[in-house]
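Okay, structure first, notes after.
The basis for the numbers below is simple: all heavy atoms, side chains too, and nothing from hydrogens, waters or symmetry mates. All values derive from a computational prediction rather than experimental measurement.
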Amino acid sequence: MLKMVSKSKKTVSKMIVLLLATVIMLSACSSAGNTNTPSTGGEPTSSATQNAGKEESKEPVRLSILTTHTNSEYPMKMKVADDPFIKELSKLSGYDLQYEFLGHAADFDQQLTVRFASGNLADLVRTPSIEHASHPGAVEEGIFTELGPLLEQYGPNILANIPQEAWNSPLVSKDGKIYAIPMTTGLPASKVIYVRQDWLDKLKMEQPKTIDDYLAFFEAVKVNDMNGDGNPNDEYGYYVRENLSYADLFFQEFGVSPHAWHVVDGQMIPDIIRPEMKDAIAFWKMLYDEGYVNPNLFTNSGADWSAGIVQGKAGVWVHEIANYSLGWSPGVYVNQPDAKVDVLAPPTGPKGQGGLSLRTNGVGHVWAIPASSKNAVEAIKFLNWAWSEEADNFFAYGVEGFSYEVKDNKVNWNQAVSVGDLKVNPSFYQRIINVRGTGAMHDNVIEMSPDKDILRKGIKIAEEAIIEHDSLNMPALEAFSTNPELRPGDGWTSGGLFLDMFAKVVTGREELDPAFDHFVAEWKRRGGDAAIAEATEWYNSKK
């Protein structure tokens with residue numbers, strides 16, 4: 001039963017209620033006026049917020065990152081949650097970094113296609129370019145976030161460290177707008193020719209310098225059991241992988257490159273349709289017919305190609321100089337304890353010395369931020385931190401106290417650490433989880449590497465083997481948008497019209513002259529003529 005109260009007591013009660021309400025309102029207004037709300041990712045906070053944080057700490061922002069394992073054993077087999085390098089990178093940057101590793105090369109492209117089709121993307125997605133075949137029309141359809149305004153506000157370190165020519169790249173920008181952040185290569189060019197030096201020594205042969213020298217070496221490899229497994233027929237002079245990726249030998253020696261465009265009689269013409277290409281194709285057919293190249297060159301997957309090299313199937317192959325320490329230094333070759341590798345310059349041929357890499361703007365791959373991400377600002381802030389001096393040591397040497405120590409201002413770097421039973425190659429923190437690009441080729445890193453002599457030799461060779469061309473920074477052509485099979489480029493457009501003709505001629509299914517002539521006519525008919533006109537207009541406007 002409720003007790004009755006007097007009128008005076010009711011009045012006092014009302015006054016108390018009003019007073020309490022006023023206090024609560026003033027407190028609420030004071031809180032609403034404090035705009036320094038708690039944040040993460042290294043952002044400063046006010047003292048009031050910091051005090052509040054002591055009572056209730058806020059978790060760091062979680063950023064998801066989709067990239068490739070580059071066919072490296074450690075990221076393929078490790079447990080991401082247990083990895084000390086990603087943990088350290090998260091700690092240093094102030095973010096909860098969630099890396100997911102897809103496949104490598106063609107496998108990565110296929111898996112990326114599925115992820116874009118499903119919309120199952122991360123906050124940061126590594127891709128070869130903003131207009132790659134794995135996500136056609138992504139820019140036009142608004143799948144990628146425009147990054148220019150965010151970079152100006154949150155990315156001063158990024159803008160200061162990446163040169164302007166990289167931002168001009170069509171891999172990054174379109175119609176004057178930035179849709180991705182470049183991963184820099186660190187070198188103007190990086191492709192070299194690898195050779196089994198121990199095979200040359202065994203055969204008492206000098207390092208090849210001309211095409212004829214290479215052919216003599218290939219013949220010797222063909223008839224001798226170079227890897228000592230009892231089978232003289234499982235080694236090849238020149239070992240090549242699917243879609244002829246990294247098959248850069250024996251083209252520029254004939255004056256052409258499957259990747260390049262040149263101005264001919266006032267028009268921009270791709271080398272794939274120039275008459276000189278027939279000489280290169282005829283040479284490749286001879287390599288195939290003589291057994292100097294592996295017969296599965298059109299289907300040899302990246303993983304099988306790498307495995308074949310360490311199994312002793314390759315006399316010569318082409319790849320990046322940075323990959324020497326990653327996969328081809330002594331000790332990795334199966335049952336070949338005396339294996340030794342060196343690097344070579346491309347040979348001279350009928351049209352002079354060959355080349356290996358097109359001149360580029362220094363962009364390797366790019367980071368795109370999908371419009372579906374709710375963390376675009378935080379992703380830019382993370383990349384901005386990654387381009388700071390604070391991140392330098394991590395992307396060079398890994399985790400302090402684990403893979404390196406600093407004593408008397410000198411770095412002592414241990415390149416042979418393991419996590420559990422898994423060895424960690426330095427490429428994991430220098431390249432694979434390095435969002436800047438690569439730290440493997442920095443001078444301070446090379447100087448401390450036991451492989452420094454061959455790395456410096458390879459860097460010099462790669463730079464001298466640059467292929468000059470007229471298509472540097474040419475944007476993706478609209479004429480190819482509905483017919484991507486016409487596009488020249490890496491992997492020769494993975495099943496494109498040129499690669500199809502090339503494979504048929506090399507394997508003997510079609511004769512060279514009629515097949516090449518038909519290819520050129522079909523290439524022009526499907527949109528090649530329009531592409532030439534568009535490329536020529538771009539070139540003239542640029543000049």
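- With respect to the salt-bridge test (charged N to carboxylate O, under 4.0 angstrom), the residues E447 and R456 qualify.
- Side-chain contact check for D342 and Q207: at least one donor-acceptor pair (N or O, by modelled atom type) lies under 3.5 Å.
- Counting heavy atoms from C-beta outward, L66 and R115 have side chains that approach closer than 4.5 Å.
- You'll find the side chain of W328 stays beyond 4.5 Å of the side chain of V343, heavy atoms only.
- Using modelled atom types and a 3.5 Å distance limit, the side chains of N323 and R431 yield a donor-acceptor pair.
- A donor-acceptor contact under 3.5 angstrom links the side chains of T127 and H135, judged on distance only.
- Judged by distance alone, the side chains of S257 and H259 never bring a donor and an acceptor atom under 3.5 Å apart.
- Note: F101 and F428 have tilted aromatic rings, judged against thresholds of 30 and 60 degrees for the angle between ring planes.
- When the salt bridge (Lys or Arg N to Asp or Glu O under 4.0 Å) test is applied to R126, no partner is found at least two apart in sequence or on another chain.
- Counting heavy atoms from C-beta outward, F254 and E276 have side chains that stay 4.5 Å or more apart.
- D279 places none of its side-chain heavy atoms less than 4.5 Å from the side chain of P350.
- When all heavy atoms of I272 and W523 are compared, the closest pair comes out as CD1-NE1, 3.9 Å.
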Stepwise salt bridge (charged side-chain N to carboxylate O under 4.0 Å, His left out) test for K504 and D500: CA-CA 6 Å; K504 288 177 180 177; D500 181 61; 3.3 Å; yes

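- Counting only heavy atoms from C-beta outward, the side chains of V195 and Y214 never approach each other to under 4.5 Å.
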Step-by-step side-chain contact (heavy atoms from CB on, under 4.5 Å) determination, I321 to I461: CA-CA 9 Å; I321 181 57; I461 286 173; over 6 Å; no

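- Salt-bridge formation is not detected for the pair R196/D338: no Lys NZ or Arg NE/NH1/NH2 atom is positioned less than 4.0 Å from an Asp or Glu carboxylate oxygen.
- At least one donor-acceptor pair closer than 3.5 Å links the side chain of N161 to the backbone N or O of W387.
- N473 and N361 share a side-chain donor-acceptor pair at under 3.5 Å.
- In the model, S301 has a side-chain atom that pairs as donor or acceptor with a side-chain atom of D304 under 3.5 Å.
- Taking the six-membered ring for Trp, W413 and Y397 have ring centres closer than 6.0 Å.
- The side-chain heavy atoms of L455 and S449, taken from C-beta on, include a pair separated by under 4.5 Å.
- Under the 3.5 Å distance criterion, with hydrogens and angles disregarded, no donor-acceptor pair is assigned to the side chains of Y429 and D83.
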Verdict with reasoning, Y333 to N227, per side-chain contact (heavy atoms from CB on, under 4.5 Å): CA-CA 10 Å; Y333 298 87; N227 60 22; over 6 Å; no

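- Remark: E468 CD is packed, more than 12 non-hydrogen atoms of other residues, nucleotides or ligands lying under 6.0 Å away.
- The shortest side-chain heavy-atom distance between L249 and V316 falls under the 4.5 Å cut-off.
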